[in-house]
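Single-structure report; data block below.
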Protein chains: 2
Amino acid sequence: MPDSLTVPQETFAQKLADSGLRNTPQREVVYSVLLQKRDHPTADEVFARVKAELPTISLATVYNCLEALVQCKLVRAVNFEREPTRYCPNLRPHAHFHDDQTGSTHDIDLPPDLLERVQAILPPGYDAASVEISFRGSAVSSQN
Amino acid sequence: MPDSLTVPQETFAQKLADSGLRNTPQREVVYSVLLQKRDHPTADEVFARVKAELPTISLATVYNCLEALVQCKLVRAVNFEREPTRYCPNLRPHAHFHDDQTGSTHDIDLPPDLLERVQAILPPGYDAASVEISFRGSAVSSQN
DNA sequence: CTATATTTTTGGAATAATTCTAATTATCAC
DNA sequence: GTGATAATTAGAATTATTCCAAAAATATAG
């Protein structure tokens with residue numbers, strides 16, 4: 001049972017069920033790990049963190065859990081060039097910034113109208129299930 | 001020597017030189033293959049097509065050439081979830097639409113102002129070297 | 001021109017992320 | 001509870017990409 005769910009506990013199982021998926025201890029722990037440290041971990045990093053709580057979990061299960069969470073839209077999968085897939089539990093509309101220097105990834109909130117504007121460039125007949133806006137560069141910011 | 005260069009022949013070698021890279025027959029043929037059929041081929045597909053003209057070229061060289069072309073900004077590398085990198089010689093500002101049904105990728109031209117608007121969401125201190133806007137979904141369009 | 005340095009190409013081996021497989025275990029519906 | 005379905009597991013397999021060391025090509029300096 002994840003501690004500080006963005007989504008109420010009830011809804012966690014529900015969201016899975018809506019996609020025909022079951023709730024399992026492994027899926028809960030994987031999700032809670034994503035919520036605890038929102039640094040866009042890779043599957044391997046998630047694996048390492050989850051093992052602290054479930055020492056016998058396998059990497060294949062971590063991949064399965066992540067895929068399940070992506071499928072039921074509790075988590076987004078993020079890809080950058082030639083890098084392993086990273087996972088993000090932020091449900092608000094946002095873009096991603098990948099810092100080439102540090103390898104870290106930051107969420108950039110999208111103004112409410114911008115996503116619509118971007119969607120609007122699609123010609124008729126194009127039906128987008130998902131949109132991803134991603135930047136690569138370096139963040140000189142004081143933020144980390 | 002590519003036939004219908006978007007960029008004048010002179011500039012092809014020049015663009016490479018600007019990045020400290022040499023012009024080679026292999027790089028020319030790889031580039032011409034990208035121009036001839038703009039279907040966002042993978043490195044493997046490029047390899048297959050280039051072999052028609054240069055039967056002894058190696059896959060490693062194709063990767064090298066593609067990387068060189070990306071580096072000197074004649075070509076863009078495009079990534080979709082869990083798929084091999086695809087290559088695109090379209091130099092105009094555009095987004096990518098990946099059709100999940102067919103696996104095909106389409107360029108979507110960006111209105112002149114939109115790229116700026118998207119760039120503008122970055123907080124101070126964030127310096128983006130590149131932006132990528134990508135859609136996944138299905139294209140019911142009459143177009144292919 | 002020729003010698004030397006640098007870059008590129010090549011084929012094969014190595015790596016890294018992800019998926020597959022088959023057996024076991026857990027969970028759901030009745 | 002029983003049978004059907006789904007999830008987990010460990011390890012093998014696959015796939016894209018990178019690395020490596022040697023040979024070839026090209027540029028540069030004299």
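Reminder, nothing fancy here: chain letters follow the sequence lines and each chain counts from 1. A quick note: this is a predicted structure, and the numbers were derived from the prediction, not measured.
- Nucleotides of DNA chain C with any atom under 4.0 Å from a heavy atom of chain B span, from 5' to 3', C/dT6 to C/dT19.
- Sequence neighbours left out, the pairs with a member in residues 53-91 of chain B that pass ring pair (Phe, Tyr, Trp, His ring centres under 6.0 Å) are B/F80-B/H98.
- Residue pairs meeting the side-chain hydrogen bond (donor to acceptor under 3.5 Å, both in side chains) criterion with at least one member in residues 109-123 of chain B, sequence neighbours excluded: B/R92-B/D109.
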Between A/N79 and A/T85, does the side-chain hydrogen bond (donor to acceptor under 3.5 Å, both in side chains) criterion hold? Intermediate values first, please.
CA-CA 5 Å; A/N79 287 272; A/T85 302; 2.9 Å; yes

Going by atom type alone, with no hydrogens or angles, which donor-acceptor pairs under 3.5 Å involve a side-chain atom of residues 43-52 of chain B and a protein atom two or more places apart or on another chain?
residue, atom, partner, partner atom, Å
B/E45, OE1, B/T42, N, 2.9
B/R49, NH1, B/D39, OD1, 3.0
B/R49, NH2, B/D39, OD1, 3.4
B/R49, NH2, B/D39, OD2, 2.8

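- The side chain to side chain contact (heavy atoms under 4.5 Å, CB included) test applied to A/T56 returns no partner, not counting sequence neighbours.
- Shown for residues 54-70 of chain A: residues whose heavy atoms fall under 4.0 angstrom of DNA chain C, namely A/L59, A/A60, A/Y63.
- Remark: the A/D18 side chain and the A/Q14 side chain contain an N/O donor-acceptor pair separated by less than 3.5 Å.
- B/R86 CZ to B/T105 OG1: the interatomic distance, rounded to the nearest 0.5 Å, is 5.0 Å.
- Here the shortest heavy-atom pairing between B/P41 and B/L34 reads CG-CD2, 3.7 Å.
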Would B/H106 and B/D99 satisfy side-chain hydrogen bond (donor to acceptor under 3.5 Å, both in side chains), going step by step from the backbone distance to the final call?
CA-CA 8 Å; B/H106 307 272; B/D99 189 326; 4.9 Å; no

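- B/E67 pairs by the side chain to side chain contact (heavy atoms under 4.5 Å, CB included) definition with B/Q71, not counting sequence neighbours.
- The pair A/E132-B/R136 does not count as a salt bridge, with every side-chain nitrogen at least 4.0 angstrom from each carboxylate oxygen.
- Among all heavy-atom pairs drawn from B/I121 and A/P111, the shortest one is CG2-CD, 3.6 Å.
- Over its length, the helix from C/dC1-D/dG30 to C/dC30-D/dG1 turns its helix axis by 40°, as judged from the five terminal pairs at each end, rounded to 10°.
- Across residues 75-85 of chain A, A/P84, A/T85 each have a non-hydrogen atom less than 4.0 Å from an atom of DNA chain C (numbered order).
- Chain B approaches DNA chain D within less than 4.0 angstrom (heavy atoms of the protein), and the contacting nucleotides run 5' to 3' from D/dA16 to D/dA27.
- Partners of B/T24 according to the side chain to side chain contact (heavy atoms under 4.5 Å, CB included) rule, which considers only residues two or more places apart in sequence or in another chain, are B/Q26, B/R27.
- Take A/P123 and apply the side chain to side chain contact (heavy atoms under 4.5 Å, CB included) test, not counting sequence neighbours, and it matches A/Y126, B/I108.
- In this structure, the separation between CG on B/D107 and CG on B/N90 is 4.5 Å, given to the nearest 0.5 Å.
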